[in-house]
Every structure is written in C-alpha cells, then in structure tokens.
Amino acid sequence: MAITRQAVVHFILVPDKSAARRLRRMAATASARVGVQVGTWPELVSLAQKSYLLPSSPDEWQSRLDSALESLSDSFWSKSLHHAQSDRQQIADAWNGHW
C-alpha cells in the first residue's frame with residue numbers, strides 16, 4: 001500500500017476580512033509563501049470541510065439565537081435586541097462576519 005504525502009497548510013486566523021486582506025498583502029509583498037493561508041473563522045471552517053469532505057453545516061445559528069433570547073427574557077442581550085428590532089439583521093450580519 002502506497003502512502004501519499006499531503007502538503008501541510010498553515011492557516012493564520014484573523015478577526016475580519018479587512019485584516020485578512022491586509023495580512024495577505026503584507027505576506028505577498030514580503031515574499032511569496034506556499035502552504036500559508038490567511039482568513040476568518042468561516043473561511044477556516046470552509047477549508048476544513050473541503051479538506052476532509054465534511055458536509056456543510058446548516059446555517060441555523062440565527063434561529064438558535066432567537067430561541068435562546070426568548071428563553072432568557074430577562075437577560076441584557078435579549079432586552080437590547082428586543083429594543084433594536086430594526087437593527088437585528090445588521091447585528092446578525094456583523095456577528096456572522098466575525099464567526
């Protein structure tokens with residue numbers, strides 16, 4: 001049985017897309033790197049899913065957040081999101097960009 005050798009990928013995790021873009025630019029101008037990727041958490045998850053042929057996870061975190069907030073009606077975040085109904089999608093998009 002032949003064992004194939006796979007290339008190692010080093011993934012540098014950054015907090016957001018703009019940080020990823022800046023770090024990619026710095027790495028490219030310093031010198032080209034092989035086997036180094038820079039990205040956010042969703043990009044890391046996507047890389048892992050593609051590398052290990054994992055099924056994509058359902059994007060149901062918004063419904064889980066809503067049910068958690070309903071069950072904790074006296075919590076700070078529950079009250080804050082209740083008063084900011086019009087900003088709810090913008091808040092969700094901001095969180096999605098960071099996770």
Side-chain angles (χ1 to χ4, degrees):
M1 173 190 288
I3 298 175
T4 59
R5 187 173 179 163
Q6 294 181 329
V8 174
V9 175
H10 299 278
F11 192 91
I12 301 172
L13 185 63
V14 293
D16 55 31
K17 291 181 181 184
S18 64
R21 188 172 38 254
R22 288 190 308 271
L23 190 54
R24 284 184 194 119
R25 184 175 295 137
M26 287 181 355
T29 56
S31 63
R33 301 280 183 225
V34 176
V36 176
Q37 290 188 355
V38 178
T40 60
W41 178 255
E43 293 167 328
L44 177 59
V45 171
S46 176
L47 177 65
Q49 288 172 335
K50 290 175 187 173
S51 296
Y52 297 101
L53 302 175
L54 300 173
S56 61
S57 60
D59 193 15
E60 59 187 37
W61 73 269
Q62 184 64 48
S63 63
R64 287 184 176 190
L65 176 64
D66 290 339
S67 63
L69 291 175
E70 288 172 6
S71 68
L72 300 170
S73 59
D74 290 339
S75 70
F76 171 77
W77 289 111
S78 178
K79 291 177 181 178
S80 296
L81 289 175
H82 176 71
H83 291 292
Q85 289 293 329
S86 61
D87 298 331
R88 202 174 181 118
Q89 186 59 45
Q90 184 178 1
I91 293 167
D93 291 342
W95 272 101
N96 195 18
H98 285 87
W99 297 105

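Computed from heavy atoms alone, side chains included, the values below leave out hydrogens, waters and symmetry copies.
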Nearest-0.5 Å distance that lies between atom CD1 in Ile12 and atom CZ in Arg24: 10.0 Å
Minimum heavy-atom distance between Trp41 and Leu13, given as atom pair plus value: N-CD1, 3.5 Å
Main-chain N/O of Arg25 paired to Thr29 side chain as donor or acceptor, under 3.5 Å: yes
Point-to-point distance, once rounded to the nearest 0.5 Å, from CD of Gln37 to CG of Leu23: 12.5 Å
Contacts of type side-chain hydrogen bond (donor to acceptor under 3.5 Å, both in side chains), residue Glu43, not counting sequence neighbours: Thr40
Partner of Phe11 by side-chain contact (heavy atoms from CB on, under 4.5 Å), out of Val38, Val36, Leu47: Leu47
For Ala20 against Gly39, the heavy-atom pair lying closest together: CB-CA, 4.2 Å
